[in-house]
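Have a look at the structure below, then the notes.
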Amino acid sequence: MAASMLGSAWGPLRLGLPGLCRRRPPGGLWARARRLPGSAGSGRSVAAASGSGASGTDRYCMELLRKRDYEGYLCSLLFPAESRSSAFALRAFNVELAQVKDSVSEKTIGLMRMQFWKKTVDDIYCDSPPHQPVAIELWKAVKRHNLTKRWLMKIIDEREKNLDDKAYRNIQELENYAENTQSSLLYLTLEILGVKDLHADHAASHIGKAQGIVTCLRATPYHGSRRRVFLPMDICMLHGVSQEDFLRKSQDKNVRDVVYDIASQAHLHLKHARSFHKSVPAKAFPAFLQTVALEDYLKKIQQVDFDIFHPSLQQKNTLLPLSVYIQSWRKRY
């Protein structure tokens, strides 16, 4: 791989699981997955009015995550019991917003859906959520943990701005998008866990940016099949690569160098997040379990020499539940 803009940032990935053969963690994630968490807290009258019941709305959020955000589903299963249903609600809210862009044929319809969620958040903070499962569960999470409205609105606003089918002008623009969506979601997740800590916030910021960058990379083959490319234009221009190169699924060295630079930036953010490891409260670690899936992807793409279209990158990691569970047991991120 030729020297590239962020090449020095890469270095060996921390992907081993030392001690796995020496000690066996108790129980298993699959056992926990079979036990659906019951609902707790307020919202009885609203849920009854909706005709679904509290456990129904809780189960709806879980199923939505299991189908649309499997990695988030696995991580949420390992939250403390008192925070689990709220974690499902938050991530279900994020899924609802994330799928708007790909599920509408016209931007106007997307804007209408975003407006619905803006009004929903306003209504939630006025104690009058609409009779929609995710809205009901989000309302209970807000009541239970006194969640900051600003972070919820920031996620909606950023997703709304992103309805335009435009590539990111530079890596900073992609990072800003990730900060306002993924990092904001992590700030709310820390509130659910009762964590108010500056070091945890710094780690959340970097992990959220890494998540946004990796998500952009992972989605490139799908977007390419729809004649769209969203990778940062500044890095593409640096290596003399056009959008058409990605649409043709080119495996040229310059195309791989673009992917290398972008993946390196995600790796850098994970490295920065871990620099706060000793200062972050242990009870914040469940919020950061998604680093397992991020590292898994970065390891795979490194193994295929940054060929973003390699078939192995589209295969599901059947050992991910075990890896997430072990990371949770080891109290690491």
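Since we're looking at a predicted model, the values are computed, not measured.
- Salt-bridge annotation for Lys300 and Asp296: present, with a side-chain N of the basic residue lying under 4.0 Å from a carboxylate O of the acidic one.
- The ring pair (Phe, Tyr, Trp, His ring centres under 6.0 Å) contacts involving residues 107-129 comprise Phe93-Trp117, where partners must be two or more places apart or lie in separate chains.
- Under the 3.5 Å distance criterion, the side-chain polar atoms of Asn180 are left unmatched by any main-chain donor or acceptor of Lys154.
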Going through the distances and angles, do Val241 and Ile235 end up as a side chain to side chain contact (heavy atoms under 4.5 Å, CB included)? CA-CA 8 Å; Val241 173; Ile235 298 180; over 6 Å; no

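- Using a 4.5 Å cut-off on side-chain heavy atoms (C-beta onward), Lys149 and Asp122 make contact.
- Contact check for Phe230 versus Asp165: side-chain heavy atoms found under the 4.5 Å cut-off.
- A salt bridge links Lys253 to Asp257: one of the charged nitrogens lies within less than 4.0 Å of a carboxylate oxygen.
- The minimum heavy-atom distance linking Ser184 with Trp151 is given by the pair OG-CE3, 3.6 Å.
- Both tests hold for Lys316 against Tyr70: distance to the six-membered ring centre under 6.0 Å, angle to the ring axis within 45°.
- Across all their heavy atoms, Leu138 and Ile124 have their closest contact at CD2-CD1, 3.7 Å.
- Side chain of Arg228 to main chain of His223: no donor-acceptor pair is present (N/O by atom type, distance under 3.5 Å, no hydrogens or angles).
- Across every non-hydrogen atom of Ile207 and Ala273, the tightest pair is CG1-CB, 3.6 Å.
- Proximity of a side-chain donor or acceptor of Ser83 to a complementary backbone N or O of Phe79 within less than 3.5 Å is not detected.
- If you check the side chains of Ser85 and Glu137, you find no donor sitting under 3.5 Å from an acceptor.
- Side-chain contact check for Leu186 versus Gln211: every heavy-atom pair is 4.5 Å or farther apart.
- Taking CD from Gln182 and CD1 from Ile213, the interatomic distance works out to 11.0 Å, rounded to the nearest 0.5 Å.
- Here Arg218 pairs with Glu71 in a salt bridge; the nearest charged N to carboxylate O distance falls below 4.0 Å.
- Judged purely by distance below 3.5 Å, without hydrogens or angles, the side chains of Gln327 and Ser323 never pair a donor atom with an acceptor atom.
- Note: Ser328 OG to Tyr333 OH = 15.0 Å, rounded to the nearest 0.5 Å.
- Distance CZ/Arg91 to CE/Met62: 13.5 Å, rounded to 0.5 Å.
- In terms of heavy-atom proximity, Lys101 sits nearest to Asp164 at NZ-O, 3.6 Å.
- Judged by distance alone, the side chain of Ser183 and the main-chain N or O of Ser205 form a donor-acceptor pair under 3.5 Å.
- For the 3.5 Å distance criterion, the side chains of Thr148 and Glu191 qualify, holding a donor opposite an acceptor.
- Pairs passing the salt bridge (charged side-chain N to carboxylate O under 4.0 Å, His left out) check and including a residue from residues 240-249, sequence neighbours excluded, read Arg227-Glu244, Asp245-Arg248.
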Between Glu295 and Arg274, does a salt bridge (Lys or Arg N to Asp or Glu O under 4.0 Å) hold up when you go through it step by step? CA-CA 12 Å; Glu295 274 196 313; Arg274 290 197 173 103; 3.2 Å; yes

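- Residue Leu147 comes nearest to Leu188 through the heavy atom pair CD2-O, 3.9 Å, listed as atom of the first residue, atom of the second, then distance.
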Check: residues 279-287 side-chain donor-acceptor pairs under 3.5 Å, at least two apart:
{"from": "Lys283", "atom 1": "NZ", "to": "Gly194", "atom 2": "O", "distance (Å)": "3.1"}

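- Look at Asp102 and Arg226 and you find a salt bridge, because one of the NZ, NE, NH1 or NH2 atoms lies within 4.0 Å of a carboxylate O, short of that distance.
- Using cut-offs of 30° and 60° on the angle between ring planes, the pair Tyr168 and Tyr177 is tilted.
- Taking a 6.0 Å sphere around CZ of Arg68, one finds it holds 12 or fewer heavy atoms contributed by other residues, nucleotides or ligands.
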Carefully, step by step, assess Tyr297 and Thr215 under the rule side chain to side chain contact (heavy atoms under 4.5 Å, CB included). CA-CA 10 Å; Tyr297 180 81; Thr215 298; over 6 Å; no

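- Using a cutoff of 4.0 Å between basic side-chain nitrogens and carboxylate oxygens, Asp127 and Lys143 are scored as salt-bridged.
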Apply side chain to side chain contact (heavy atoms under 4.5 Å, CB included) to residues Cys216 and Ile262 and explain how you reach the verdict. CA-CA 9 Å; Cys216 185; Ile262 298 172; over 6 Å; no

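- For the pair Val195 and Asp201, the minimum side-chain heavy-atom distance is 4.5 Å or more.
- For the atom pair NZ (Lys107) and CE (Met114), the distance works out to 11.0 Å, reported to the nearest 0.5 Å.
- Across Leu97 and Ile155, no two heavy atoms sit closer than the pair CD1-CG2, 3.6 Å.
- Between Phe246 and Phe309, the ring planes are tilted. Angles from 30° to 60° get that label.
- With contacts defined as side-chain heavy-atom distances shorter than 4.5 Å, the pair Val134/Cys61 qualifies.
- To the nearest 0.5 Å, atom CE of residue Met233 and atom CZ of residue Arg169 are 7.5 Å apart.
- Gln265 and Glu175 share a side-chain donor-acceptor pair at under 3.5 Å.
- A heavy-atom distance below 4.5 Å is found between the side chains of Asp261 and Leu238.
- Here the side chains of Val255 and Asp307 are not in contact, with every heavy-atom distance at 4.5 Å or above.
- Ring orientation note: the planes of His272 and His206 are tilted relative to one another, at an angle of 30° to 60°.
- For Arg159 (side chain) and Thr181 (main-chain N/O), no donor-acceptor pair under 3.5 Å exists by modelled atom type.
- Rounded to the nearest 0.5 Å, atoms CD (Glu158) and CG (Leu163) are 11.0 Å apart.
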Would Lys140 and Thr57 satisfy side chain to side chain contact (heavy atoms under 4.5 Å, CB included), going step by step from the backbone distance to the final call? CA-CA 11 Å; Lys140 287 191 279 185; Thr57 56; 3.9 Å; yes

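- Side chain of His310 to backbone of Ser312: a donor-acceptor contact under 3.5 angstrom is found.
- By the criterion of side-chain heavy atoms lying less than 4.5 angstrom apart, applied directly or through intervening Ile, Leu, Val, Met, Phe, Trp or Tyr residues, Ile156 is grouped together with Leu111 in one hydrophobic cluster.
- Remark: side-chain polar atoms of Asp252 are not paired, donor with acceptor, to backbone N or O of Asn254 under 3.5 angstrom.
- Looking at Leu270 and Leu298, their side chains come closer than 4.5 Å, going by heavy atoms from C-beta outward.
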